[in-house]
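Source: prediction; values computed, not measured. Note on naming: letters A, B, ... go to the chains in the order of the sequence lines (proteins, then strands), and numbering restarts at 1 for each one.
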Protein chains: 2
Amino acid sequence: MKRTKEKCPYHCEIEAAFAVIGGKRKARIISHIGDGKPRFNQLRDILENVSPRMLAKQLRELEEDGLVIRKMHREIPPRVEYELTKTGRAFIPILDNISDWVIEYCPDAAQKIE
Amino acid sequence: MKRTKEKCPYHCEIEAAFAVIGGKRKARIISHIGDGKPRFNQLRDILENVSPRMLAKQLRELEEDGLVIRKMHREIPPRVEYELTKTGRAFIPILDNISDWVIEYCPDAAQKIE
DNA sequence: CAGCATCCTAAGTGATACTG
DNA sequence: CAGTATCACTTAGGATGCTG
């Protein structure tokens with residue numbers, strides 16, 4: 001989804017929202033961070049087939065948009081945990097609704113899960 | 001969002017759902033079709049800066065996924081109206097929740113509306 | 001009017017190698 | 001471990017012109 005630094009790039013709330021959560025795998029990332037406090041490579045394992053470059057980018061954007069906090073522990077080897085902010089946690093129920101919707105109303109897509 | 005014809009391309013419900021509604025402008029299209037029964041060029045006017053090629057593509061995908069019905073009236077000049085299916089209508093409350101969420105929790109993005 | 005066909009560019013994404 | 005850097009590639013998206 002397009003992310004921009006223009007002053008008024010959005011025509012409506014929905015467009016603004018999807019600029020924040022519509023990126024590839026962003027919804028899944030939010031969902032998994034909500035489950036625990038995963039570390040970088042744990043997220044990579046869960047998501048599968050994500051290059052470190054892409055995961056880092058998505059996480060950085062989610063952090064900029066205030067959904068995710070990056071907690072860096074100064075240890076050797078370094079340990080970084082991700083967790084949701086209040087904003088991120090407020091989005092979890094919506095993700096649950098979306099999951100329910102696809103199961104109930106989109107049998108074709110639901111069948112392609114797993 | 002990636003659309004695929006593979007047999008089991010999705011890891012979870014959220015990924016499946018975003019394959020259906022995550023395309024650029026798809027959420028906005030659903031929302032506007034829910035408001036009335038817009039014609040092709042009415043949708044173009046509302047969305048602004050959409051090439052006919054792209055709008056047609058998004059509409060066709062939404063139709064394939066069972067969210068939208070294309071009603072063709074055999075007149076001269078031709079008239080086509082789009083409306084929501086039950087599946088599409090069931091998604092409207094979720095879009096409303098998303099709008100509320102961005103207003104309440106994402107002030108930076110909300111400020112860029114209009 | 002409601003598209004489709006064609007061409008083209010720009011942005012997104014992946015793979016791999018490397019570093020503090 | 002948690003990322004960057006670089007390069008190559010795929011895809012999305014726009015512009016334009018044409019048609020039933």
Between [X] (side chain) and [Y] (backbone), is there a donor-acceptor pair under 3.5 Å?
X        : Y        : value
B/Arg44  : B/Val50  : yes
A/Thr87  : B/Tyr105 : yes
B/Gln42  : B/Arg39  : yes
A/Glu104 : A/Asp100 : no

Checklist entry - A/Glu81: what forms a salt bridge (charged side-chain N to carboxylate O under 4.0 Å, His left out) with it, not counting sequence neighbours? => result A/Arg79

Next on the checklist: Among residues at least two apart in sequence or on other chains, which ones pass salt bridge (charged side-chain N to carboxylate O under 4.0 Å, His left out) with A/Glu48?
Outcome noted: none

Tell me the interatomic distance from [X], atom [atom1], to [N], atom [atom2], rounded to whole angstroms.
X       : N      : atom1 : atom2 : answer
A/Lys37 : D/dA2  : NZ    : P     : 15 Å
A/Arg44 : C/dT13 : CZ    : C1'   : 14 Å
A/Glu61 : C/dG12 : CD    : C1'   : 11 Å
B/Met72 : D/dG20 : CE    : P     : 13 Å
B/Asn41 : C/dG3  : CG    : P     : 9 Å
A/Arg70 : D/dA2  : CZ    : C1'   : 8 Å

Next on the checklist: Whether A/Arg39 contacts D/dA2 is assessed here as follows: a side-chain N or O lying under 4.0 Å from the phosphate OP1 or OP2. Is that the case?
Outcome noted: yes

Item to check | Phosphate contact (C/dC4 OP1 or OP2) by B/Arg60 side-chain N/O below 4.0 Å | outcome: yes

Checklist entry - How bent is the helix from C/dC1-D/dG20 to C/dG20-D/dC1, comparing axes over its five end pairs at each side, to the nearest 10°? => result 60°

Checklist entry - Mind checking whether B/Leu55 and A/Phe18 sit in one hydrophobic cluster, side chains of I, L, V, M, F, W, Y counted as touching below 4.5 Å? => result yes

Next on the checklist: Categorize A/Arg25 for me: base, sugar-phosphate, or nothing, with a 4.0 angstrom heavy-atom threshold over every strand shown.
Outcome noted: sugar-phosphate

Next on the checklist: Just verifying a value: how many Å separate B/Leu95 CG and B/Ser31 OG, rounded to the nearest 0.5 Å?
Outcome noted: 6.0 Å

Next on the checklist: Would you compute the distance between atom CZ of B/Phe91 and atom CD1 of B/Ile21 and round it to the nearest 0.5 angstrom?
Outcome noted: 4.0 Å

Item to check | Side-chain ion pair, A/Arg70 and A/Glu83, N-O less than 4.0 Å | outcome: no

Checklist outcome for this item: Residues in residues 74-83 of chain A with a heavy atom under 4.0 Å of DNA chain D, by number, are A/Pro77, A/Pro78, A/Arg79, A/Val80, A/Tyr82

Checklist entry - Using a heavy-atom distance cut-off of less than 4.0 Å, which residues of residues 45-59 of chain B contact DNA chain D? => result B/Arg53, B/Met54

Next on the checklist: So, using side-chain hydrogen bond (donor to acceptor under 3.5 Å, both in side chains) as the criterion, who are the partners of A/Glu13 when residues are at least two apart?
Outcome noted: none

